[in-house]
Amino acid sequence: MKKILATGGTGYIGSHTVIELINKGYEVEILDNLFNSKITVLDKIEEITGTRPKFYEVDMLDADKMDEIFKNGHFDAVIHFAGLKAVGESVEKPLLYYRNNIEGTLNLLDSMAKYGVNELIFSSSATVYGEQDQPDFVETMKTGGAITNPYGRTKYFIEEIVKDYVVAHPDFEATLLRYFNPIGAHESGLIGEDPNGIPNNLMPIIMRVAEGRIKQLQVYGTDYPTEDGTCRRDYIHVVDLAKGHVAALEHMKAGVNIYNLGTGKATSVKEMIAAFEKASGEKLPHEFAPRRAGDLAEMWANPAKAEKELGWKTELTVDDAMRDTINYLKHVKENN
Ligand code: WQD
């Protein structure tokens with residue numbers, strides 16, 4: 001079985017993917033600087049899978065340490081999750097985002113080239129599409145237009161860097177996975193979304209409101225041209241997303257291969273609130289607020305290409321994700 005390096009592997013999506021990789025028999029090692037994750041995730045991965053991945057607490061900006069890891073690692077492939085991802089923070093600190101996300105990726109590609117690691121899966125994002133004429137996003141759409149923040153632009157620039165790298169290294173096998181809106185938690189309740197600092201995204205904020213750490217959810221805009229006036233997004237269960245990475249790893253091929261990872265369905269903010277309340281059995285305090293700059297009214301994945309070429313499609317629903325999120329919150333509460 002292939003040996004994999006997961007950069008950012010103690011993070012939300014990374015840790016769920018590491019679990020699915022280990023479950024499928026892959027040998028996995030993790031590089032993470034723990035900026036937005038906790039070392040205790042390793043204990044949870046071990047508790048869930050019985051395997052404790054080798055862990056390097058390394059910042060991908062440290063090219064020498066990265067090189068050392070590759071010198072001894074003898075990896076077959078890299079799944080590159082590591083990166084800063086707070087949209088709002090990226091607007092305030094663009095240089096931090098460009099240096100961290102882009103220079104870190106350049107260091108990674110240098111080490112992969114030096115040690116002959118020829119397979120890369122990159123954690124990209126639907127943000128690279130920017131505004132489109134239709135909300136059903138397909139991989140052939142032009143990207144890079146009207147991206148509303150530096151975070152999203154780092155994802156777009158890294159996609160372009162990988163494309164150029166492949167032109168120079170035709171045998172290189174690169175897969176770009178464009179995530180839509182990951183939500184939910186592992187069924188064990190041992191791991192879930194637990195960002196450091198103030199979250200941007202809807203679900204971690206809903207979780208904080210449910211925990212009483214935030215007074216109420218601000219619903220950003222109720223005057224969108226949608227059925228209930230709130231934005232609609234393609235919320236994908238993080239375990240489905242993780243399994244999408246395993247499917248991608250099993251279908252690597254030379255060139256740049258791009259896939260949307262989404263459900264193909266859209267859910268509004270009001271529907272998300274109702275789904276959470278149904279799963280929790282409690283009202284979620286919220287109030288209606290003005291629109292948030294940069295938000296699109298609606299977007300969702302056309303996931304046909306991933307289903308056709310990777311044999312992967314989502315199996316879990318928003319209700320499954322709410323159930324698993326609430327189960328995770330219960331575990332967090334019991335263990336703190
Ligand atoms: C979803 C909806 C908000 C918070 C971003 C990134 C994207 C990806 C997912 C990484 C929107 C509304 C939110 C709140 C709200 N990240 N909302 N009140 O903006 O679709 O995408 O996260 O890859 O790259 O751009 O996700 O969760 O921030 O917002 O009403 O307190 O929830 O307006 O309609 P988004 P989100």
Side-chain angles (χ1 to χ4, degrees), residues 2-15 17-18 21 26-37 41 53-85 90 95-125 127-128 150-179 242 245-246 248-249 252-259:
K2 291 179 184 174
K3 183 176 180 185
I4 314 298
L5 175 69
T7 73
T10 51
Y12 174 45
I13 297 158
S15 57
T17 302
V18 166
L21 288 168
Y26 289 95
E27 184 183 355
V28 186
E29 297 188 357
I30 294 174
L31 174 156
D32 203 302
N33 67 359
L34 299 176
F35 177 79
N36 194 27
S37 59
V41 166
K54 188 169 182 183
F55 176 67
Y56 307 96
E57 185 175 353
V58 167
D59 190 313
M60 58 183 178
L61 293 182
D62 186 334
D64 293 340
K65 287 222 179 101
M66 171 90 80
D67 196 74
E68 193 63 26
I69 291 167
F70 275 85
K71 187 174 170 194
N72 305 309
H74 306 294
F75 302 114
D76 297 297
V78 173
I79 305 184
H80 182 30
F81 296 103
L84 296 173
K85 63 164 220 172
S90 79
L95 298 187
L96 171 70
Y97 273 68
Y98 286 126
R99 186 175 315 288
N100 185 76
N101 291 2
I102 295 175
E103 189 176 327
T105 302
L106 295 176
N107 289 346
L108 176 68
L109 289 172
D110 277 342
S111 290
M112 290 181 75
K114 185 172 175 183
Y115 295 97
V117 183
N118 242 9
E119 295 182 28
L120 171 70
I121 293 177
F122 173 57
S123 159
S124 190
S125 167
T127 310
V128 302
Y151 156 77
R153 268 189 286 280
T154 67
K155 291 294 187 183
Y156 167 67
F157 291 152
I158 292 167
E159 283 199 0
E160 296 304 300
I161 288 165
V162 171
K163 288 175 190 171
D164 287 339
Y165 183 82
V166 168
V167 168
H169 303 80
D171 296 342
F172 196 78
E173 301 177 2
T175 297
L176 310 178
L177 299 180
R178 291 175 179 164
Y179 308 162
H245 288 73
V246 177
L249 197 58
M252 296 300 282
K253 55 183 188 282
V256 180
N257 306 286
I258 302 173
Y259 301 98

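Any value given below was found using the heavy atoms of this structure, including those in side chains, with hydrogens, waters and symmetry copies removed. This is a predicted model, so every value here is computed, not measured.
- Under the rule for a side-chain hydrogen bond (donor to acceptor under 3.5 Å, both in side chains), the partners of Asn33 that lie at least two apart in sequence or sit in another chain are Asp59.
- Applying the salt bridge (charged side-chain N to carboxylate O under 4.0 Å, His left out) test to pairs two or more places apart or on separate chains, those with a residue in residues 168-178 are Glu159-Arg178.
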Atom pairs and distances, donor-acceptor, side-chain atoms in residues 73-83, under 3.5 Å, two or more places apart:
unit_1 : atom_1 : unit_2 : atom_2 : d
Asp76  : OD2    : Lys3   : N      : 2.6
His80  : ND1    : Thr7   : OG1    : 2.7
His80  : NE2    : Thr105 : OG1    : 2.9

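- Note that CG of Asn72 is 7.0 Å distant from NZ of Lys54, once rounded to the nearest 0.5 Å.
- For Lys85, the side-chain contact (heavy atoms from CB on, under 4.5 Å) partners at least two apart in sequence or on another chain are Tyr151, Glu193, Asn201.
- With sequence neighbours left out, the side-chain contact (heavy atoms from CB on, under 4.5 Å) criterion links Ser37 to Thr10, Asp32, Leu34.
- Put simply, OG on Ser90 and OH on Tyr98 are 7.5 Å apart, with the number rounded to the nearest 0.5 Å.
- Residues forming a ring pair (Phe, Tyr, Trp, His ring centres under 6.0 Å) with Tyr12 (at least two apart in sequence, or on another chain): His16.
- Take Glu103 and apply the salt bridge (charged side-chain N to carboxylate O under 4.0 Å, His left out) test, not counting sequence neighbours, and it matches Arg99.
- For Tyr56, there are no ring pair (Phe, Tyr, Trp, His ring centres under 6.0 Å) partners two or more places apart in sequence or in a different chain.
- With sequence neighbours excluded, the residues that form a side-chain contact (heavy atoms from CB on, under 4.5 Å) with Asp62 are Asp64, Lys65.
- Ring centroid separation for the pair Tyr179 and His245 comes in under the 6.0 Å cut-off.
- In terms of the ring pair (Phe, Tyr, Trp, His ring centres under 6.0 Å) criterion, Tyr26 has no residue partners (sequence neighbours excluded).
- Ile161 pairs by the side-chain contact (heavy atoms from CB on, under 4.5 Å) definition with Ile102, Leu106, Leu109, not counting sequence neighbours.
- For the salt bridge (charged side-chain N to carboxylate O under 4.0 Å, His left out) condition, no pair includes a residue of residues 5-15, sequence neighbours left out.
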